[in-house]
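Right, one structure below, let's go through it.
Computed over heavy atoms, backbone and side chain alike; hydrogens, waters and symmetry mates excluded.
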Amino acid sequence: MTHSDRTDAVFEAFHGLADEEWLHVLVSSLGGHEVRGVRMPEFPPDDLQREIHGHHGEVSIHEAHVFYREIKAYCAYAGRPVRPETSVLDFGCGWGRMARLFMKDVRSQSLVSVEHTDRFLMAARRANPFLPFLQAGLVPPLPLVPSTLDLITSWSTFSHLDEFLAGHWMREFHRLLKPDGLVVFTTQSRRFLSFCAEQRLRRASGMQLEHPWHEACANSFVDEAQANSHFEAGRFLHAASAKRPQPQAHYGEAIIPRNYILKAWGGMFRLIEYLDNPVRLPQVLIVLQKIE
């Protein structure tokens, strides 16, 4: 059986399922390699999942499914519903959980993921050999043909990239998208400033922080009043432990205000949604549509 055949077996078996039924299939696949006689992608080790998301297994699948449902809803709202032939790129894919969600909706030849971190990329390839996972450099370009993508998704990558990289990748997305193509991604909310302050208070009180990421948060946006002022002014907020010219300085904690998007990227994209609703998603959901 060929690579394409195995991948399309998942599509053919589950394409008719409702999204909630598909969620149950993915959760069921945690306990074995086959569901309904179809070989499913495997999962990377729990500790690697926790390193990326802070959780693993069923919790991670449920979180991804919430984002997946939002993506599909906004694609339909924008008049570009997800179909089997929709060309999708997942940017900053980690171990590939978002691509796994779209295997029900999109044929394998139309579904590509990219990742910069070598360890995560290898984990994605080992867990899901049915789909292509490409190496992304720190900066563009990607080895993809211009104006060929319908949809680009990115969960919690633009909550880490600095203004320099975010701008370069948005220009690359504009190059790769078809006319009226969509970018659906997340960034941290303004509420994240309070979360960082809370981690500092917990640390100062002698409490042990739960995850290394919480330590990074405690060291971020230490001047909370100034950060709030910058957000009000529509400035890109970024905090990193490393300093330039170290490459790590480009990666830290990021908050992108709505007004920044309008000013910096408004010439390339139409802003369809800037949703800051923690009941629906823990991060801000941003939907952009390419302008020619």
F195 and F192 aromatic ring geometry - parallel, tilted or perpendicular at 30°/60° bounds: parallel

Flag, side chain of S28 to backbone of H24, donor-acceptor distance under 3.5 Å: yes

Pairs satisfying salt bridge (Lys or Arg N to Asp or Glu O under 4.0 Å), at least one member in residues 171-187, at least two apart: D150-K178, E172-R175

Electrostatic pair R125-E115, nearest N-O below 4.0 angstrom: no

Verify same cluster id: V222, F231 (apolar side-chain graph, 4.5 Å): no

Ring centres under 6.0 angstrom apart (Y274, W265): no

Non-hydrogen side-chain atoms of F130 and P41 separated by less than 4.5 Å: yes

Result of checking L177, I272, I71 against L182 for side-chain contact (heavy atoms from CB on, under 4.5 Å): I272

Between N128 and R97: side-chain donor-acceptor atoms closer than 3.5 Å: no

Parallel, tilted or perpendicular: rings of H211 and H214 (30°, 60°): perpendicular

Working for salt bridge (charged side-chain N to carboxylate O under 4.0 Å, His left out), residues R280 and E70: CA-CA 9 Å; R280 286 172 59 176; E70 294 284 1; 2.8 Å; yes

side-chain contact (heavy atoms from CB on, under 4.5 Å) assessment of K290 paired with M268: CA-CA 6 Å; K290 177 178 176 178; M268 297 185 292; over 6 Å; no

Over 12 non-hydrogen atoms of neighbours within 6.0 angstrom of CD in Q208: no

Verdict with reasoning, F133 to C93, per side-chain contact (heavy atoms from CB on, under 4.5 Å): CA-CA 9 Å; F133 294 92; C93 68; 3.8 Å; yes

D8 side-chain N/O to F11 backbone N/O, donor-acceptor pair under 3.5 Å: no

Transitive ILVMFWY side-chain link M122 to L48, under 4.5 Å: no

From CG (L134) to CG (L144), nearest 0.5 Å: 6.0 Å

Ring centers of W169, F158 separated by less than 6.0 Å: no

R235 bridged to E163 by N-O distance under 4.0 Å: no

Test of ring centre spacing under 6.0 Å for F91 and F173: yes

Any donor-acceptor N/O pair, S189 side chain to R191 backbone, under 3.5 Å: yes

Test side-chain contact (heavy atoms from CB on, under 4.5 Å) applied to I255 and F221, step by step: CA-CA 10 Å; I255 305 172; F221 309 112; 4.1 Å; yes

H53 and W95 aromatic ring geometry - parallel, tilted or perpendicular at 30°/60° bounds: perpendicular

Check: K104 side chain, L17 main-chain N or O, donor-acceptor pair, under 3.5 Å: yes

Backbone N/O of T187 and side chain of H160: donor-acceptor pair under 3.5 Å: no

Pair E198 + R200, salt bridge at N-O below 4.0 Å: no

Single-linkage hydrophobic cluster, 4.5 Å side-chain cutoff, V183 and F102 together: no

Lys/Arg N to Asp/Glu carboxylate O, D105 vs R83, below 4.0 Å: no

S87 side chain vs T148 backbone, donor-acceptor pair below 3.5 Å: yes

Short side-chain to backbone donor-acceptor contact, H65 and D19, under 3.5 Å: yes

F185 ring center within less than 6.0 Å of W155 ring center: no

Donor-acceptor pair, side chain of Q199 and main chain of E215, under 3.5 angstrom: no

Ion pair R69/E20, N-O distance below 4.0 Å: yes

Cation-aromatic face contact R100/F43, 6.0 Å, 45 degrees: yes

Residue pair I286, E273: steps toward the side-chain contact (heavy atoms from CB on, under 4.5 Å) verdict: CA-CA 5 Å; I286 300 166; E273 181 64 279; over 6 Å; no

L281 CG to S156 OG distance, which is reported to the nearest 0.5 Å: 11.0 Å

H56: partners by ring pair (Phe, Tyr, Trp, His ring centres under 6.0 Å), with sequence neighbours left out: none

E42 bridged to R126 by N-O distance under 4.0 Å: no

same_hphob_cluster(I152, L142) at 4.5 Å side-chain heavy-atom cutoff: yes

Test: R190 and E232 ion pair at under 4.0 Å: yes

Same apolar cluster: Y251 and V114, side chain cutoff 4.5 Å: yes

S205 (side chain) donor-acceptor with R202 (main chain) under 3.5 angstrom: yes

Whether H238 side chain and A254 backbone form a donor-acceptor pair below 3.5 Å: no

